[in-house]
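Could you have a look at this structure, given as structure tokens, before my questions?
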Amino acid sequence: MPLPTHYKNPFIMDSDVAYRTHDIFSKLTFNDLNIIPLRWIHIREYDPERPWTKLREKRIISCDTRYPIVIYESQLDPEKNNVTRRYCIFDGNHRAEKLLREGASAAVCFIMKPEIFDGLKTYSRDQLFGSSPYRTTGCGGCRE
């Protein structure tokens with residue numbers, strides 16, 4: 001399953017701009033990798049009033065857990081959404097769920113910091129995501 005081509009910045013409320021996935025991930029380095037207990041990571045739960053929160057079974061089964069999950073400090077997310085765990089997932093909800101089902105207690109993760117977006121080219125949110133009012137990278141948010 002290919003990655004989304006663009007993401008929004010989870011560290012700001014402004015949802016008018018997006019960034020290329022390749023540009024974001026190319027700034028993550030070996031120094032950003034850590035082994036993190038899965039119990040420290042907020043893994044979104046399905047909310048029937050927000051259908052995009054559902055993790056599709058097919059994607060969970062087919063995801064490759066060899067790729068690190070990309071997380072960030074939940075205290076840095078301006079939406080917070082009542083998240084009580086230390087980290088939010090930027091990319092890797094399906095991998096985290098699969099690891100939990102396989103009995104893993106920890107995962108290799110990239111810990112993303114706000115500076116990752118410094119100097120990246122921005123793209124118009126409307127052109128990429130249409131008129132959706134949601135900030136897709138907020139804790140618990142995703143528009144798969």
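If you read the sequence from its start, that first residue is 1, and numbering goes on from there.
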- For side chain to side chain contact (heavy atoms under 4.5 Å, CB included), just list the numbers for D91 and Y67, CA-CA rounded to whole Å, side-chain angles, deciding distance to a tenth of an Å, and then say yes or no. CA-CA 10 Å; D91 180 72; Y67 292 99; over 6 Å; no

- Please report the shortest heavy-atom distance between C88 and V83, naming the atom on each side. SG-CG1, 4.2 Å

- Partners passing side-chain contact (heavy atoms from CB on, under 4.5 Å) against N31 (at least two apart in sequence or in another chain): T29

- Residues passing the side-chain contact (heavy atoms from CB on, under 4.5 Å) test with A106, sequence neighbours excluded, are I35

- Task: Locate the shortest heavy-atom distance separating A96 from I43; write the atom from each residue and the value.
- Result: CB-CD1, 3.7 Å

- Task: Kindly compute the distance separating NE2 (H6) from OG (S124), expressed to the nearest 0.5 Å.
- Result: 10.0 Å

- Query: Under the salt bridge (charged side-chain N to carboxylate O under 4.0 Å, His left out) rule, what pairs show up with a residue in residues 22-41, not counting sequence neighbours?
  - Reply: R20-D23

- Message: Between I89 and I41, is there a side-chain heavy-atom distance shorter than 4.5 Å?
- Response: yes

- Which heavy atom in L55 sits nearest to a heavy atom in E97, and how many Å separate them? CD1-CB, 4.0 Å

- Task: Ignoring hydrogens and angles, tell me if any N or O in the side chain of S74 forms a donor-acceptor pair with the backbone of R86 under 3.5 Å.
- Result: yes

- Task: Quick one: list whatever passes salt bridge (Lys or Arg N to Asp or Glu O under 4.0 Å) with E57, sequence neighbours left out.
- Result: R101

- Message: Tell me which one of F90, Y72, Y123 satisfies ring-ring contact (aromatic ring centres under 6.0 Å, His included) with Y7.
- Response: F90

Distance-only donor-acceptor hits, side chain of residues 110-118, under 3.5 Å, sequence neighbours excluded:
none

- Smallest separation among heavy atoms of T65 and K98, with atom names: CG2-CD, 3.8 Å

- side-chain contact (heavy atoms from CB on, under 4.5 Å) partners for R85, two or more places apart: H42

- Query: Would you call L99 and I69 a side-chain contact if the rule is heavy atoms closer than 4.5 Å?
  - Reply: yes

- Item | Spacing of CG belonging to N34 relative to OH belonging to Y87, to within rounding of 0.5 Å | 6.5 Å

- Please round to the nearest 0.5 Å and tell me the distance separating atom CG of L33 and atom SG of C109. 8.5 Å

- How far does CG of D77 sit from CD1 of I12, to the nearest 0.5 angstrom? 11.0 Å

